[in-house]
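Read the structure below first, then the notes.
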Amino acid sequence: MKRFYGLLIGSFLLATILSVFGQGIAYFLNEKFIPIWPVYYLTGLTILGFLLYLLTALLIFYAYKNKNSTYKYLEPIMVLLFIAAFGASIWSLFVTAMWWG
């Protein structure tokens, strides 16, 4: 159970960090790694954030489908996921669209 919640919260937090701070991370990757245009890094980080949110939603759906009583915090986590994921994803998509022009 701890492993499930660790994976769930870890993917959720990583997706939120990548979505909200993607612009700064893209500049960092441009300076410290391969010097390509940061917009490519930002696009990759945006897609990775979406995929991690999707992974989190699939994990919640899978646990909720099994009706396992040990996972008693799924409803609050689901509400938090949909509120935070919607806001962070819209922000990330907006920033990426502005960078592409």
Side-chain angles (χ1 to χ4, degrees):
M1 184 167 75
K2 289 181 183 180
R3 188 172 178 183
F4 173 76
Y5 279 123
L7 181 64
L8 188 74
I9 292 172
S11 65
F12 176 71
L13 287 177
L14 184 61
T16 304
I17 289 170
L18 291 178
S19 296
V20 174
F21 300 113
Q23 185 174 3
I25 296 170
Y27 278 127
F28 173 78
L29 291 173
N30 180 35
E31 292 173 3
K32 301 297 180 184
F33 294 105
I34 300 171
I36 59 173
W37 288 355
V39 71
Y40 297 122
Y41 283 123
L42 182 63
T43 304
L45 291 171
T46 301
I47 292 170
L48 183 61
F50 286 141
L51 291 176
L52 285 172
Y53 278 134
L54 182 64
L55 173 70
T56 306
L58 289 175
L59 285 173
I60 290 174
F61 176 73
Y62 178 72
Y64 196 72
K65 182 181 169 187
N66 289 339
K67 303 277 188 201
N68 195 344
S69 63
T70 58
Y71 301 128
K72 58 184 176 182
Y73 299 114
L74 287 180
E75 287 87 9
I77 292 174
M78 193 179 333
V79 170
L80 179 67
L81 170 73
F82 288 117
I83 291 172
F86 181 73
S89 296
I90 293 297
W91 172 255
S92 179
L93 189 63
F94 174 75
V95 169
T96 304
M98 289 295 113
W99 271 41
W100 278 104

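Computation of the quantities below employed the complete heavy-atom set of this structure, encompassing side-chain atoms and omitting hydrogens, waters and symmetry-equivalent molecules. Every value quoted in this text rests on a predicted model; they were computed, and no experiment measured them.
Residues satisfying the side-chain contact (heavy atoms from CB on, under 4.5 Å) criterion with Leu93, sequence neighbours excluded, are Phe50. Remark: Ile36 pairs with Ile34, Tyr40, Tyr41 by the side-chain contact (heavy atoms from CB on, under 4.5 Å) rule, at least two apart or across chains. The ring pair (Phe, Tyr, Trp, His ring centres under 6.0 Å) test applied to Phe86 returns no partner, not counting sequence neighbours.
Hydrophobic clustering, with ILVMFWY side chains joined whenever heavy atoms are under 4.5 angstrom apart, groups Leu48 together with Phe33. Under the 4.5 Å side-chain contact rule for hydrophobic residues, Ile90 and Ile83 do not share a cluster. Residue Ile60 is not grouped with residue Leu58 when hydrophobic side chains (ILVMFWY) are merged at heavy-atom distances under 4.5 angstrom, including chains of intermediate members. With hydrophobic clusters built from ILVMFWY side chains whose heavy atoms lie under 4.5 angstrom apart, Ile47 does not share a cluster with Phe21. With hydrophobic clusters built from ILVMFWY side chains whose heavy atoms lie under 4.5 angstrom apart, Leu7 does not share a cluster with Tyr62.
Between Glu75 and Tyr64, the closest side-chain pair of non-hydrogen atoms falls below 4.5 Å. Taking 4.5 Å as the limit, some side-chain heavy atom of Leu59 sits within range of a side-chain heavy atom of Leu55. Within the 4.5 Å cutoff, side-chain heavy atoms of Leu80 are placed close to those of Phe12.
Closest approach of Ala15 and Gly49 over heavy atoms only: CB-O, 3.6 Å. Considering every non-hydrogen atom in both Ala88 and Ser19, the closest pair reads O-CB, 3.7 Å.
Evaluation of the side chain to side chain donor-acceptor pair (under 3.5 Å) test over residues 22-34, restricted to residues two or more places apart or in two chains, returns none. The side chain to side chain donor-acceptor pair (under 3.5 Å) analysis of residues 8-17, with sequence neighbours excluded, yields the pairs Ser11-Thr56, Thr16-Tyr53. Identified under the side chain to side chain donor-acceptor pair (under 3.5 Å) test for residues 81-101, with sequence neighbours left out: Thr43-Trp100, Thr46-Ser92, Thr46-Thr96.
Interatomic distance, CG of Leu14 versus CD1 of Ile9, reported as 13.5 Å (0.5 Å rounding). A distance of 12.0 Å separates CD1 of Ile17 from CG of Leu45, quoted to the nearest 0.5 Å.
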